[in-house]
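Working notes for the structure below.
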There are 2 protein chains.
Amino acid sequence: MQRSDIFTNLAEGELAQVNACRVSIRYHTGEVVFKQGSPCHDFVCITKGMLKLYREDENDKRIIIGFAKPVDYIFVPGAFTDKRHHFSAIACEETTACLVGIDVFEKLLRENPDFASAFMTKVSEQSIRFIEQMSSLVQKQMPGRMADVLLDLSKAVYNSNPFVSSLSRQDLADMSGMTKESAIRILKTFRDDELIRTEGDMIEILNYPMLERISRNG
Amino acid sequence: MQRSDIFTNLAEGELAQVNACRVSIRYHTGEVVFKQGSPCHDFVCITKGMLKLYREDENDKRIIIGFAKPVDYIFVPGAFTDKRHHFSAIACEETTACLVGIDVFEKLLRENPDFASAFMTKVSEQSIRFIEQMSSLVQKQMPGRMADVLLDLSKAVYNSNPFVSSLSRQDLADMSGMTKESAIRILKTFRDDELIRTEGDMIEILNYPMLERISRNG
DNA sequence: GCTAATTGATGATATAAGTCATTTCAAAGC
DNA sequence: GCTTTGAAATGACTTATATCATCAATTAGC
């Protein structure tokens, strides 16, 4: 069984505690793992597949704030504050997740400084990602935002090029803060300019340097 | 001397450790406390005045991601990752800040679980704020975004209404992701509709419910 | 006290991006 | 097999927002 690298900091006994109470659950594509606003009881760790993390407002507009894949656990900030979820998680592939009660998790954080320290690092990395995403979404216009999304998918999410993605155009739009139609149009200009190639669910970045230039120029 | 409430979790001896190494520095309005990209050596705690936290991109476009005031300490996510600052901090009033080396701070986090736990709560709250700010900036149009900014200033930053703010129209624009001209125009419509009143550096919210409706409707 | 520099305010215009309508295409159901 | 459904693609049109230019009002410098 795969496990997130922060668990390497746990002693045998501590790991046993986690294993004793953890629950492994399988989700089908499209199934909701937790919903924004609902009470949070568990930490979620992905062992197979992928989750889409998103926030939605009153008008059903969505923004995708990230993904969780093996072997990420999802940092649930509500667990340390109001015990509510502040974003939703939905399976975008066949996914297996491992749930650990937040009380058990918090106990380990208190008892094992190495574990806590590794956790702080993960949380910090996510904070940095949030800041960078916010900066991209607010300061750049559509081509720059889409370039950021494609580069992020290739470099950070799928770690490959080309990559096969189950994400729809709507998802790409929700990641880059634009409408589905605009996302399609931008992708077409990228295709026409031979920056990318698409074939079904596959996307290949043909011209990294140019995409990065578009990202920089906004 | 004021201190952040997370320090109430420290024992006498631990507080003494902090006091032994901490440095108190005064900044004039407009002075830079730290700069995005620079190495981070210290945790910063504000004892007087206010800091503006912002991120800038290659094109000198700014986005204000928050403020730090007494008695906040600034969560510096780079401290736990690449030891670099990922945003800049600038004094927007006469400000006194207290610097504590990150090694001392991290030692306390490891040794005192209550302190670490309080810290995690603060970090989580900031993460939630980031998500909410991102959602506002991406999903709402100008009136909704400006409403969010004004409500946030009144409720979370200055904790008063009316409030006197040293922020320029450009700052309000940088908070709400629009140009200075647009910010001025939106404020004018709010004034014309008697939602707010402005007089010099003072802003008063006259119609909370309506502003909140504008915020909700985007 | 006067000049220079900055900030706020406003109008005219340009452009980025959203909305709406339509079509194509592929997958799912009967 | 055909029909239905949903996603992708595309064009026409509208609207939100940025840009540019100008001017007033305030603040800073000499």
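Chain A is the first sequence line, chain B the second, and so forth, proteins listed ahead of strands; every chain is numbered from 1. In this text, all values refer to a predicted model and were calculated from it rather than measured experimentally.
The side chain of A/Arg145 lies closest to C/dA17, out of D/dA8, C/dA17, C/dG8. Considering only the side chain of A/Glu181, C/dC20 comes nearest among D/dA8, C/dC20, D/dA18. Distance from the side chain of A/Gln141 is smallest for C/dA17 among the nucleotides D/dT19, C/dA17, D/dA8. Of the candidate nucleotides D/dA18, C/dG18, C/dT7, C/dG18 has the atom nearest to the side chain of A/Met142. Among the nucleotides C/dG8, C/dG18, C/dC20, the one closest to the side chain of A/Thr179 is C/dG18. Distance from the side chain of A/Pro143 is smallest to C/dA17 among D/dT17, D/dC20, C/dA17.
Between the NZ atom of B/Lys140 and the P atom of D/dA16 there is a distance of 17 Å, given to the nearest Å. Look at CG on B/Leu172: it is 13 Å from P on C/dT7, rounded to the nearest Å. In this structure, the CD atom of B/Glu199 is 15 Å from the C1' atom of D/dT26, given to the nearest Å. Atom NZ in A/Lys180 sits roughly 12 Å away from atom P in D/dG6 (whole-Å rounding). For the pair A/Ile184 CD1 and D/dA8 C1', the computed distance is 5 Å after rounding to whole Å. Counting to the nearest Å, the C1' atom of C/dT19 and the CG atom of A/Asn59 are 15 Å from each other. Between the CD1 atom of A/Ile186 and the P atom of D/dA9 there is a distance of 13 Å, given to the nearest Å. For the pair A/Gln170 CD and D/dG6 C1', the interatomic distance rounds to 12 Å; values are reported in whole Å.
Looking at A/Lys52 and A/Leu167, their side chains come closer than 4.5 Å, going by heavy atoms from C-beta outward.
A close approach under 4.0 Å does not occur between any side-chain nitrogen or oxygen of B/Ser182 and OP1 or OP2 of D/dT17. When the side-chain nitrogen and oxygen atoms of A/Arg191 are compared with OP1 and OP2 of D/dA9, one or more of them lie within a distance under 4.0 Å. Side-chain nitrogen and oxygen atoms of A/Arg185 include none within less than 4.0 Å of the OP1 or OP2 phosphate oxygen of D/dA9.
A/Glu58 has no carboxylate O lying under 4.0 Å from a charged side-chain N of B/Lys140, or vice versa, which leaves the two without a salt bridge.
Atom CD1 of B/Ile65 and atom CZ of B/Arg55 lie 8.5 Å apart (nearest 0.5 Å).
No side-chain donor from either of B/His86 and B/Gln36 sits under 3.5 Å from a side-chain acceptor of the other.
Aromatic ring centres of B/Phe43 and B/Phe105 lie closer together than 6.0 Å.
Among the atoms of the strands shown, only primed sugar atoms or phosphate atoms (P, OP1, OP2) are found under 4.0 Å from some heavy atom of B/Lys188.
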